[in-house]
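What follows is a single structure, written as structure tokens, with notes after it.
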2 protein chains.
Amino acid sequence: MIEDRVNVESCSCSVIHEDAVSRARDSMPEEETLYDLAELFKVFGDTTRIKILCALFESEMCVCDIAALLSMNQSAISHQLRVLKQARLVKYRKEGKVVYYSLDDEHVKQIFDQGLVHIKER
Amino acid sequence: MIEDRVNVESCSCSVIHEDAVSRARDSMPEEETLYDLAELFKVFGDTTRIKILCALFESEMCVCDIAALLSMNQSAISHQLRVLKQARLVKYRKEGKVVYYSLDDEHVKQIFDQGLVHIKER
DNA sequence: TGAACATATGCTTACTTGTTCATATGTTCA
DNA sequence: TGAACATATGAACAAGTAAGCATATGTTCA
């Protein structure tokens, strides 16, 4: 062996701690899981959506209510509710022409609260 | 009163459930808190950063190790570590020219795990 | 001191994303 | 049926962002 350090393509530098790297590689969840996880947190990563979730902690609400609460137009809220719905963070029920949104899941609040704990300390 | 429904500016529709809206308004954390929370989750909302955090669950690592592990170049990792550092999710120690990064906080894993629980069910 | 190396950073580019506007869908009620 | 209304959605635009390149900083060691 001419080189005893492994050069990985698209990385200009060499592995310093082989053991740590391979342990990390072994413990790493599969690609898809990590992707889904990032997608989930991405949904939490917007002020409008955070506010919507926060509002729904209190009670179910229709689109108009949320729009009024946040002083935003109905379309913007509707678009964001779609994102939340796709992430299975909210569910809805229809009553005539009114659509009521509520939390789909108890984890939502737990994730939210864990985040709060982090930003609150210091 | 000619109108008994409140029309809020920049919202084309009217409040349907006054009580729910005002309750939500009262329970809503202050603007800054919600903003910070969204910023925090935004940091979790990227596959590269998720992978970096995941690697650091196992042990501290230097920039080159992480770059090799993720098959990405050193610059990209360094940029992302900066973001993680600013969000106080990772800390670092220097040993000569090598910089070792590790988790700053126990919440990181708890937030991570809560997210995992959500995506794993169904 | 100077070469080698680990890391950081400014700039640029390609891509993503939140919001708005206009309009479509679907429901109620006179 | 048709007007009024709640919601959804497609297109367009502006703002934000991740990654790469080039280079700067700072450390070690001969």
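Order of the sequence lines sets the chain letters (A, B, ...), proteins ahead of strands, with each chain counted from 1. Note: hydrogens, waters and symmetry copies are ignored here, and every other heavy atom, side chains too, is used.
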Round to the nearest Å and state the distance from [X] atom [atom1] to [N] atom [atom2].
{"X": "A:I77", "N": "C:dT20", "atom1": "CD1", "atom2": "P", "result": "9 Å"}
{"X": "B:L81", "N": "C:dT9", "atom1": "CG", "atom2": "P", "result": "11 Å"}
{"X": "A:Y35", "N": "C:dT16", "atom1": "OH", "atom2": "C1'", "result": "11 Å"}
{"X": "B:M61", "N": "C:dA6", "atom1": "CE", "atom2": "C1'", "result": "15 Å"}
{"X": "A:L70", "N": "C:dT20", "atom1": "CG", "atom2": "P", "result": "12 Å"}

Give a yes/no answer on whether the side chain of A:R82 brings an N or O atom under 4.0 Å of OP1 or OP2 in D:dT9. yes
C:dA8, OP1 or OP2 - any side-chain N/O from B:Y101 closer than 4.0 Å?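 Yes, within the criterion.
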Between side-chain atoms of residues 39-47 of chain A and protein atoms elsewhere (two or more places apart, or another chain), which donor-acceptor pairs fall under 3.5 Å?
from  : atom 1 : to    : atom 2 : distance (Å)
A:E39 : OE2    : A:K42 : NZ     : 3.1
A:D46 : OD2    : A:T48 : N      : 3.1
A:D46 : OD2    : A:R49 : N      : 3.1

Restricting to side-chain contact (heavy atoms from CB on, under 4.5 Å), what partner residues turn up for [X], sequence neighbours left out?
{"X": "B:D113", "answer": "B:K109, B:L116"}
{"X": "A:V98", "answer": "A:C62, A:Y100, B:I16"}
{"X": "B:K97", "answer": "none"}
{"X": "B:S78", "answer": "B:Q74"}

Distance col, row B:M28:CE vs B:T33:OG1, nearest 0.5 angstrom, shows 12.0 Å
The complete set of salt bridge (Lys or Arg N to Asp or Glu O under 4.0 Å) pairs with one or both residues in residues 25-35 of chain A, sequence neighbours excluded, reads A:E31-B:K51
The ring-ring contact (aromatic ring centres under 6.0 Å, His included) partners of A:F57 (sequence neighbours excluded) come to A:F112
Hits for ring-ring contact (aromatic ring centres under 6.0 Å, His included) against A:Y92, two or more places apart or cross-chain, chain-then-number order -> A:Y101
### Closest to side chain of A:S78, choosing from C:dA6, D:dA19, D:dA8
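Looking only at side-chain atoms, A:S78 lies closest to D:dA8.
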Near DNA chain D, under 4.0 Å by heavy atom, which residues of residues 39-60 of chain B?
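Listed by number, they are B:K42, B:D46, B:T48, B:R49.
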Dot-bracket for DNA chain D, 5' to 3', Watson-Crick and G-U pairs with both distances under 3.5 Å, [ ] for crossing pairs, | for partner on another strand, reads ||||||||||||||||||||||||||||||
Hits for side chain to side chain donor-acceptor pair (under 3.5 Å) against A:E95, two or more places apart or cross-chain, chain-then-number order -> A:R93
Indicate, with a heavy-atom threshold strictly under 4.0 Å, whether B:Y100 touches base, sugar-phosphate, or nothing. nothing
Please list, for nucleotides 21-27 of chain D, all pairs of protein and nucleotide N/O atoms separated by less than 3.5 Å.
from   : atom 1 : to    : atom 2 : distance (Å)
D:dC21 : N4     : B:S75 : OG     : 2.7

Quiz item: Can you tell if the side chain of B:I119 reaches within under 4.5 Å of the side chain of A:L37, non-hydrogen atoms only?
Solution: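 Yes. Closest side-chain heavy atoms under 4.5 Å.
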